[in-house]
Structures are given as C-alpha cells and as structure tokens.
Amino acid sequence: MKKHDQDFMKQQNRLTVFEIIKHNQPISRASIAKQTGMSPTTVSRIVGELAERGYLLESEQVSVGLGRRSTLLEMVDASVLSVGVELDRHQMIVGIVDIQGNVVCSGKYPRSAEESPDATLKLIGEKINQLTLLHEIDGNRVIGIGVGLPGIVDNDAGVVVFSVQLGWKNVRLAERLKEITGYEVVVDNELKVKALAEHLKGATKGSSRTALLGFGNGVGSAFIFEGEIYRGKTNSAGEIGHTTVDPNGMMCDCGKAGCLQTYINISSLLSEANKIRPMRTIEELFEARRAGERWACYLIERALMYIAITVNNVVCMYNPDSVILSVELADKYPEVYEEIEELCMSRFVWEPLRESFSIFRSELQEQGVMIGSGLLSQIKLFELE
Ligand SMILES: [Zn+2]
C-alpha cells in the first residue's frame with residue numbers, strides 16, 4: 001500500500017472510531033473493536049491519539065451484572081465548538097454550541113430591518129468576540145460558524161439568493177463573514193437547520209423521516225430523511241408557503257395570488273383583520289376571538305384549518321414518521337396546538353395515514369435555528385487532522 005493510501009486509511013479509521021464514541025458513549029474499547037472489525041491494538045492506538053488531543057476522557061465503571069471493572073470512553077463535549085447564528089428581520093441570536101449540540105452560551109440582539117448586510121455581518125462578528133471573551137471560550141476549539149435565515153439560500157456557495165424578510169438579494173454571506181471573523185462559514189435556510197436540530201437533539205431523535213412545518217411570518221417546511229436534509233435541486237424543497245391554494249385568492253408578497261401562506265401568516269391575518277377594524281398586533285386579533293367576535297373567530301379558525309390541511313398534504317406527499325409543528329403563535333397561545341392536532345386527526349388527515357406518524361411540538365423552540373446552524377457547521381467543517 002502506498003504511503004498516501006495508508007494515511008487515508010488511518011484518517012478514515014480515526015473518524016470511524018470518533019463517530020462511534022460520539023453516538024454510543026459511554027463505550028468500551030472492546031465494543032468499538034467489535035463494531036468496527038478493527039483489531040484491539042488499532043482501536044487502542046486511535047483512542048490514545050484522540051485522548052491526547054483532548055477529545056476523550058476515560059472513566060472506570062463497574063458493570064452491574066458481573067461486578068467487573070471496565071474502562072469506558074466518553075466525549076469531552078467542549079472539545080469541539082461552533083458558532084450558531086439565527087438571523088431574522090428584527091433580531092438575531094448568536095450562540096456557541098458543543099459537539100452534542102448543548103448551548104455553551106448565547107445572546108439575543110435586536111437588529112434594525114433596514115440594516116445593510118455588511119452592518120449585520122460586522123455585528124455578528126462583534127457578538128462572537130464578546131461571547132468568547134465573556135465566557136472564556138478557547139478559540140482554538142471553535143471550528144466555524146453556521147448561519148440560518150429565512151429565504152432561499154445557495155448552501156453550496158454560501159450565498160443568500162433571496163430573502164423577503166431580510167430584504168436581501170444575492171448576498172455572499174459566507175465569504176464576507178469569513179473575511180470579518182476568520183472562521184469558515186456555512187449558511188442555510190432556517191427551517192432546514194431547525195429540522196436538523198430537532199432530529200439530532202430535540203423532539204424527533206431517532207426518527208428516520210421527519211417533516212417540520214413552520215408557521216409564522218412565513219409558511220415553510222423542511223425534511224430530514226435518514227439523517228440528511230432533503231434539499232431538492234436548488235435547496236428550495238419545502239417552500240410550501242407559495243403553493244397555490246386559490247388562483248383567485250389574496251395577493252401574496254411574492255406577486256402571485258392565493259398562495260397557501262396568505263391564509264396563515266401573521267401579516268396576512270393582520271391585513272385581513274384591518275379591513276374590519278384597526279389592529280396592530282396579532283394579540284389583538286386573539287383577544288377579539290376570545291371576546292367571541294365572529295369575524296376574528298373566522299379568521300383564526302380558517303388559519304388553523306389551512307395548517308391542518310398542510311399537515312395532510314405533506315403527510316400524503318412524503319409519508320413521514322414524525323411531523324413537527326413549529327407555530328410562532330403557539331408560544332403565546334399554546335391551545336392552538338391542540339386545536340390543530342384535533343383538526344388533523346378528526347377531519348383533515350387522510351384516514352389510512354392517521355396512524356402512520358406522530359405529531360410533535362418543537363422542543364428546542366426559539367433556540368432551534370441557532371443550535372441547528374451550529375451543528376450543521378460542525379457536520380460540514382469538522383475534520384480530524
Ligand atoms: Zn406567494
């Protein structure tokens with residue numbers, strides 16, 4: 001075998017052992033050898049190398065049945081860190097996550113909607129510096145930055161192609177943020193990284209087919225199939241908000257009439273409500289519903305119905321084992337979850353498929369995008385040298 005090939009093999013073996021420990025910890029050397037088919041000597045050598053670099057720690061444990069002592073290996077969670085960023089119209093969340101997706105530290109910062117991309121990216125750089133200083137983060141352990149945002153993102157090129165919420169078009173985000181911070185950067189659509197986070201760490205751990213549906217200022221979805229984000233040709237799979245529901249319906253901000261999101265998203269509900277009486281926030285609409293005003297009941301119940309219809313459509317198209325509902329309004333009005341689930345199971349989900357999946361609520365809530373962005377950057381950027 002050539003030297004080059006030997007190095008490659010060694011590298012692959014190291015990575016295999018690393019991944020096995022990460023996903024099965026605590027684990028013994030013997031189990032690793034058994035799972036990989038590598039010799040005990042090879043496993044011990046690799047474990048020694050990984051421990052020397054600070055990735056692993058050993059602990060002596062007595063197995064319950066036999067009373068025998070064995071040494072088990074665990075990851076040092078903080079041995080690999082990355083920055084996760086959620087970017088939205090009026091605020092951003094910047095955090096540092098470890099190899100298991102635990103949040104080491106994070107902060108939430110206001111952002112003005114008119115801010116230029118460059119100003120925002122500089123602000124992100126400042127916040128990362130502040131966090132690492134304040135929490136005494138070892139910068140050498142930080143392997144990169146992940147950014148999640150609403151809109152169409154070319155994830156390979158790291159370019160924000162188009163984001164209505166941010167008002168950005170063709171922004172070379174990864175390249176520019178790398179210039180500012182020095183770190184490698186990955187960028188993706190917010191729902192895709194949120195689904196990844198829920199799959200790796202939140203509501204649907206262990207699921208092999210997760211669909212996440214997001215309802216808020218926009219409507220969208222994301223799919224994790226066999227651990228991978230389903231992207232489609234231009235990373236736009238899941239943009240269900242712009243599926244046409246009624247060609248004679250209301251105008252959508254995309255310039256088409258009757259898109260699904262015109263029945264559900266917060267701005268559409270508010271503009272409909274304002275035809276009846278002046279109203280600035282969605283809370284006022286919910287108050288009107290609580291007070292029994294029929295038009296308010298109609299608007300909200302119609303939105304919930306379209307959410308249930310969306311669940312059915314997605315379930316019919318993709319046959320997932322898990323559906324995560326991420327409903328922005330539900331933070332304040334948790335009862336909407338129950339109403340949606342009731343509508344799904346009693347009326348809208350096609351009967352043969354009702355038992356085929358479980359409905360979950362987002363577990364990571366408002367930290368989901370930040371955690372998912374951080375974890376995605378680890379998946380893309382982490383390399384064992
Ligand atoms: Zn539209």
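Whatever order the structure lists ligands and atoms in, that order sets their numbers, starting from 1. Given the structure is predicted, the values throughout are model-derived calculations rather than measurements.
- For the Zn ion (ligand 1), protein N/O/S neighbours under 2.8 Å (waters excluded) are His242 ND1, Cys252 SG, Cys254 SG, Cys259 SG.
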Donor-acceptor pairs are to be reported for all side-chain atoms of residues 50-58 against protein atoms at under 3.5 Å, with residues two or more places apart or in another chain.
from, atom 1, to, atom 2, distance (Å)
Arg53, NH1, Glu385, O, 2.5
Arg53, NH2, Glu385, O, 3.2
Glu58, OE2, Arg29, NH2, 2.6

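- Every side chain to side chain donor-acceptor pair (under 3.5 Å) that Ser59 has, sequence neighbours left out, goes to Gln61.
- Taking the six-membered ring wherever Trp is involved, the centroid distance between the rings of Phe18 and Phe382 falls below 6.0 Å.
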Could you tabulate the donor-acceptor pairs under 3.5 Å formed by side-chain atoms of residues 118-126, not counting sequence neighbours?
from, atom 1, to, atom 2, distance (Å)
Asp118, OD1, Arg176, NE, 2.5
Asp118, OD1, Arg176, NH2, 3.4
Asp118, OD2, Lys122, NZ, 3.4
Asp118, OD2, Arg176, NH2, 3.2
Thr120, OG1, Arg111, NE, 3.0
Thr120, OG1, Arg111, NH2, 3.4
Thr120, OG1, Glu115, OE1, 2.7
Thr120, OG1, Ser116, O, 3.3

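- For the pairing with Thr132, the side chain to side chain contact (heavy atoms under 4.5 Å, CB included) check across Ile96, Leu81, Val83 returns one residue only, Ile96.
- If you run side chain to side chain contact (heavy atoms under 4.5 Å, CB included) between Phe348 and each of Ile340, Asn313, Leu343, only Leu343 comes through.
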